[in-house]
Enquirer: 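The structure is given below, and queries will be raised subsequently.
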Amino acid sequence: MEVLASSSLSPIFTKHNHINPNFSIQEKLWVSQAKNFRYARNCRDNSSSRLVFVCNRFLYLLDRNDHRKFSGKVMMKSSVNFRQNLSVALVRLVSVLLVSSISVVTTADSPSWGLSEENLLFLEAWRTIDRAYIDKTFNGQSWFRYRENALRNEPMNTREETYMAIKKMVATLDDPFTRFLEPGKFKSLRSGTQGAVTGVGLSIGYPAASNDSPGGLVVISAAPGGPANRAGVSPGDVILGIDNTTTETLTIYDAAEMLQGPEGSVVELAIRSGPETRFLSLTRERVSVNPVKSRLCEIPGSGSNSPKIGYIKLTTFNQNASGAVKEAIETLRGNNVNAFVLDLRDNSGGSFPEGIEIAKIWLDKGVIVYICDSRGVRDIYDTDGSNAIATSEPLAVLVNKGTASASEILAGALKDNKRALVYGEPTYGKGKIQSVFQLSDGSGLAVTVARYETPAHTDIDKVGVTPDHPLPKSFPKDEEAFCGCLKDPTAACYLNQGLLFSK
């Protein structure tokens with residue numbers, strides 16, 4: 001899951017372009033008191049232009065009447081009358097402006113009927129999206145009209161009904177990444193970016209592309225001591241269902257969200273281990289997540305010049321990710337590695353800032369990503385090399401359709417800056433960035449606030465990062481088997497390490 005920033009928005013309803021219906025009544029009453037304002041009663045322009053029109057028409061009438069009297073001794077009297085009438089007009093104009101301003105401020109931002117606590121929570125969610133959402137057309141609908149209609153027509157008598165009304169509102173945006181999170185899910189999402197997850201301790205991915213690839217999602221690893229590990233779930237097992245929902249049509253992004261939840265809650269899994277299918281009830285608990293695994297691969301060669309490749313598997317972008325990558329690089333360098341492989345397969349993203357920091361580790365200079373909104377590029381993340389620690393060794397990056405979000409930002413930056421060759425298949429194609437906002441009752445919203453472009457100004461949304469070269473279809477995902485595919489020329493997954501880094 002991706003989190004760009006986290007903040008709390010209080011339910012402050014800012015002023016919008018809505019004309020108070022009482023304003024026109026006040027204006028008509030006031031206008032009717034001035035005999036020279038008879039021409040302004042049927043004006044139907046907006047509020048500010050009505051006032052200007054009334055003022056101009058009044059001055060015009062005064063001017064017209066005074067010109068009829070501008071002769072001889074009458075001129076002095078007319079001039080006095082003109083000044084008196086002008087003074088009266090200006091006083092009345094200021095009065096109506098004050099009355100109208102007060103009326104607009106007090107009624108334009110909220111409905112005229114009484115608001116319950118549930119209504120206020122709904123309005124808080126509405127305002128959060130109104131302020132932050134990237135698409136200011138809100139999927140081609142009147143966002144203000146939706147608010148008014150929902151408050152009139154949607155039942156909001158209980159918290160459950162209010163949550164349903166918020167979910168229905170979010171669904172109108174037709175954006176799978178903008179979503180409402182109940183308090184438990186919001187807490188789980190926040191903790192997931194901080195180095196721990198409330199779940200069952202599984203890292204999952206798509207099955208390797210082959211003719212006999214199993215349906216469902218594959219277990220990449222089970223956290224030692226976690227609920228799944230204690231239940232005997234092992235790497236290579238296939239998750240067939242989660243809470244009676246088949247995984248064949250789920251993305252790993254959706255499945256990861258279903259596996260997480262409030263601490264102490266239960267999730268039902270259908271797991272296939274070899275020919276056996278098991279049904280497990282696992283209780284979610286807080287599981288520490290180590291985002292990095294690494295291994296030294298020594299390739300057979302002549303004497304002391306045998307190639308040594310440092311393999312780094314990055315599984316998520318939590319707040320420990322950049323530090324863990326640095327530590328892995330330093331450890332592998334202590335073994336005199338000649339090159340690095342960064343494996344981002346089935347990494348569905350996480351903390352946007354961590355993705356930026358990891359890109360800085362590998363780049364000596366250049367743009368990392370462009371952040372864009374509805375008006376174009378609004379921010380540029382780049383590096384001057386001050387945080388770089390691994391810019392000289394050859395680098396290969398492995399990706400697949402489970403590589404998403406912050407992983408795609410990292411892969412795109414390394415590819416477009418000519419720092420690495422990218423191997424695998426096109427990535428997921430999540431070119432949007434979300435911010436997480438907490439609501440006053442502990443629930444939250446993940447809202448799409450921007451989109452991004454790679455350094456080459458490629459918009460990868462729904463397309464993904466295109467790799468430079470494919471991987472063998474049977475190429476493994478665990479670090480032990482990876483080294484075997486570099487060593488054994490007879491293996492179906494064999495990948496020549498010389499070609500792996502050749503540009």
Enquirer: Inspect the surroundings of CE in Met258 and state if more than 12 heavy atoms from other residues, nucleotides or ligands are less than 6.0 Å away.
Expert: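 Counting other residues, nucleotides and ligands, CE of Met258 exceeds 12 neighbours.
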
Enquirer: Are there more than 12 heavy atoms of other residues, nucleotides or ligands under 6.0 Å from atom NZ of Lys415?
Expert: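 Atom NZ in Lys415 is crowded, with more than 12 foreign heavy atoms closer than 6.0 Å.
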
Enquirer: I'd like to check Phe317 versus Phe352 (side-chain heavy atoms, cut-off strictly below 4.5 Å). Are they in contact?
Expert: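 Phe317 vs Phe352: side chains apart.
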
Enquirer: Looking at Arg159 and Asp441, does any basic side-chain N land under 4.0 Å from a carboxylate oxygen?
Expert: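 A salt bridge links Arg159 with Asp441.
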
Enquirer: Going by the salt bridge (Lys or Arg N to Asp or Glu O under 4.0 Å) test, which pairs reach into residues 215-243, not counting sequence neighbours?
Expert: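 As it turns out, the salt bridge (Lys or Arg N to Asp or Glu O under 4.0 Å) pairs with a partner in residues 215-243, which skip direct neighbours, are Arg230-Glu285.
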
Enquirer: Indicate, with yes or no, if the rings of Trp362 and Phe340 have centres closer together than 6.0 Å.
Expert: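 Between Trp362 and Phe340, the centre distance is under 6.0 Å.
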
Enquirer: Could you check whether Asp416 and Thr454, counting side-chain N and O atoms only, form a donor-acceptor pair closer than 3.5 Å?
Expert: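 Yes, Asp416 and Thr454 have a side-chain donor paired with an acceptor closer than 3.5 Å.
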
Enquirer: Check this for me: Lys136, atom NZ, are more than 12 non-hydrogen atoms of other residues, nucleotides or ligands nearer than 6.0 Å?
Expert: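 Above 12, so yes.
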
Enquirer: Decide side chain to side chain contact (heavy atoms under 4.5 Å, CB included) for Leu280 and Val200; before the verdict, give the C-alpha distance in whole Å, the side-chain angles of both, and the deciding distance to 0.1 Å.
Expert: CA-CA 11 Å; Leu280 304 175; Val200 296; over 6 Å; no

Enquirer: When you check the gap from the basic side-chain N to the acidic O, do Asp461 and Arg451 get nearer than 4.0 Å?
Expert: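 Salt bridge: no.
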
Enquirer: Hey, what's the ring geometry for Tyr163 with Phe180, parallel, tilted or perpendicular (30° and 60° as the breaks)?
Expert: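 If you compare the ring of Tyr163 with that of Phe180, the planes turn out tilted.
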
Enquirer: Which ring pair (Phe, Tyr, Trp, His ring centres under 6.0 Å) pairs, counting each pair once, include a residue from residues 403-422, with sequence neighbours left out?
Expert: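 Every pair satisfying ring pair (Phe, Tyr, Trp, His ring centres under 6.0 Å) with a residue in residues 403-422: there are none.
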
Enquirer: With no hydrogens and no angle check, do the side chains of Gln319 and Ser351 hold a donor and an acceptor under 3.5 Å apart?
Expert: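 There is no such pair between these side chains.
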
Enquirer: Less than 4.5 Å apart, any side-chain heavy atom of Thr246 and any of Leu240?
Expert: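 Contact flag for Thr246/Leu240 side chains = no.
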
Enquirer: Starting from the C-alpha separation in whole Å, work towards a yes-or-no answer on side chain to side chain contact (heavy atoms under 4.5 Å, CB included) for Val337 and Leu296.
Expert: CA-CA 8 Å; Val337 296; Leu296 174 66; 3.5 Å; yes

Enquirer: Please say whether more than 12 non-hydrogen atoms of neighbouring residues, nucleotides or ligands are located less than 6.0 Å from CD in Glu263.
Expert: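 Buried by this count: over 12 neighbours within 6.0 Å.
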
Enquirer: Please determine if Glu257 and Arg179 form a salt bridge, counting it only when a charged side-chain N lies under 4.0 Å from a carboxylate O.
Expert: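 The answer is yes: the pair qualifies as a salt bridge.
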
Enquirer: Please determine whether a side-chain nitrogen of the Lys or Arg among Glu357 and Lys360 lies less than 4.0 Å from a carboxylate oxygen of the Asp or Glu.
Expert: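 Between Lys360 and Glu357 there is a salt bridge, with a charged N closer than 4.0 Å to a carboxylate O.
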
Enquirer: Cut-off 3.5 Å, side chains only: do Asp364 and Thr391 have a donor facing an acceptor?
Expert: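 Short answer, no.
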
Enquirer: Side chains of Thr316 and Asn318: is there a donor and an acceptor less than 3.5 Å apart?
Expert: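 No donor-acceptor contact under 3.5 Å links the two side chains.
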
Enquirer: What I want to find out is whether Glu154 reaches Lys168 closely enough, with some N-O distance under 4.0 Å, to be called a salt bridge.
Expert: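 Here Glu154 pairs with Lys168 in a salt bridge, since their nearest N and O are under 4.0 Å apart.
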
Enquirer: Quick one: sort the Phe138 and Tyr133 rings into parallel, tilted or perpendicular, breaks at 30° and 60°.
Expert: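 Judged by the thresholds at 30° and 60°, the geometry between Phe138 and Tyr133 is parallel.
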
Enquirer: According to side chain to side chain donor-acceptor pair (under 3.5 Å), who are the partners of Thr172, at least two apart in sequence or on a separate chain?
Expert: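 Here the qualifying residues are Gln141.
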
Enquirer: If you take the centroid of each ring, where Trp contributes its six-membered ring, are Tyr452 and Tyr370 closer together than 6.0 Å?
Expert: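 Tyr370 vs Tyr452: aromatic centres not under 6.0 Å.
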
Enquirer: Surrounding CG of Asn153 (heavy atoms of other residues, nucleotides or ligands, distance under 6.0 Å), is the total greater than 12?
Expert: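 Atom CG in Asn153 is crowded, with more than 12 foreign heavy atoms closer than 6.0 Å.
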
Enquirer: Can you find a side-chain donor-acceptor pair between Arg284 and Ser265 that sits under 3.5 Å?
Expert: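 The answer is yes; a qualifying pair exists.
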
Enquirer: One pair to check against side chain to side chain contact (heavy atoms under 4.5 Å, CB included): Phe279 and Leu269. What are the steps and the verdict?
Expert: CA-CA 6 Å; Phe279 297 91; Leu269 299 182; over 6 Å; no

